[in-house]
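Written below as structure tokens is the structure these notes are about.
The model shown is predicted, which means the values in this text are computed figures rather than measured ones. Numbers here simply count residues along the sequence, with the first being 1.
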Amino acid sequence: MNRRLTAFIAVLAVSILTLAVCASKVEAQPIQEIAYDSGTAEFGVATELGSQLAVRFSLPSSWSEAKLLTAKYYIYGDPSTFRVHVYGSDGSTELITPFEVTPTTTGWLEVDLSALNIIVTDDFYITIEYITEGKPWIGGESSDPDGRSYVGTAGSWNLHTTADYMIRAVVQQRFPVGGTVLQTNSFTLLTPYIAIFAAIAIGLTVALKKRL
């Protein structure tokens, strides 16, 4: 076989396998929704203008670092514009510039935070700040309170011990720089790339033989 063709196939193989390994690293990073409520709203909760309702989140067991992808709020009634805050573990350090969202219906409202690159390594708070008196109502349930729901303002929180506010977080695990954790069978991930390489190599070989 022509030396140039052999070198080209070798370079092509390395490139495809490199892309495959990179893809496997991305797919290996699990995503999890953190929820402390049961999923069934028993009543609605709201507070006064300028005050906030908050839920304190902890990363899943064994996770040391994660990216916050989504904040979820269960709108129980009276949909109205509110302000989103994300605080660090002290309950007062802003991790983002607060911004407003406007739900148009009841039920779960998903607020995309993925572009903000929020990296958390400890507990964090997601809150709803009321910019309209008593609106919107968010879901609450009292079946088995987790002691993570608060009312107040940044750095001055009062624990609501008898209910869970229906605010959730979706996070994606991050691994230390230089580290890789593959949770999917590597051969399964590489199979389509190997097939593509084989098909290209066979095609080039056939073409070369015809020329000869």
Could you tell me how the ring of Tyr125 sits relative to the ring of Trp157: parallel (under 30°), tilted (30 to 60°) or perpendicular (over 60°)?
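Parallel.
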Any chance the side chains of Ser80 and Asp78 put a donor and an acceptor closer than 3.5 Å?
no
Just checking, any donor-acceptor pair under 3.5 angstrom between side chains of Thr153 and Gln52?
no
Applying ring-ring contact (aromatic ring centres under 6.0 Å, His included) as the test, list every pair that has at least one member in residues 47-67; sequence neighbours left out.
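Every ring-ring contact (aromatic ring centres under 6.0 Å, His included) pair that includes a residue of residues 47-67, provided the two are not neighbours, is Tyr36-Phe57, Phe57-Phe124.
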Taking the side chain from [X] and the backbone from [Y], do they hold a donor-acceptor pair closer than 3.5 Å?
{"X": "Ser92", "Y": "Ala154", "value": "no"}
{"X": "Lys72", "Y": "Val170", "value": "no"}
{"X": "Gln172", "Y": "Ile31", "value": "no"}

Show every salt bridge (Lys or Arg N to Asp or Glu O under 4.0 Å) that has at least one partner inside residues 81-104, sequence neighbours left out.
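Sorted pair list: Arg83-Glu100, Arg83-Glu129.
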Of Tyr73, Tyr130, Phe99, the one forming a ring-ring contact (aromatic ring centres under 6.0 Å, His included) with Phe82 is Tyr73
Partner set under side-chain hydrogen bond (donor to acceptor under 3.5 Å, both in side chains) for Ser156, not counting sequence neighbours:
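Per chain and number, Ser156 pairs via side-chain hydrogen bond (donor to acceptor under 3.5 Å, both in side chains) with no residue.
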Do His160 and Tyr150 have their ring centres less than 6.0 Å from each other?
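Not close enough - the centres of the two rings lie 6.0 Å or further apart.
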Between Asp164 and Arg148 (salt bridge meaning N to carboxylate O under 4.0 Å), is one present in this structure?
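Not counted as a salt bridge, because no side-chain N and carboxylate O are separated by less than 4.0 Å.
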Answer yes or no: is there a side-chain heavy-atom contact under 4.5 Å between Ile128 and Ile138?
yes
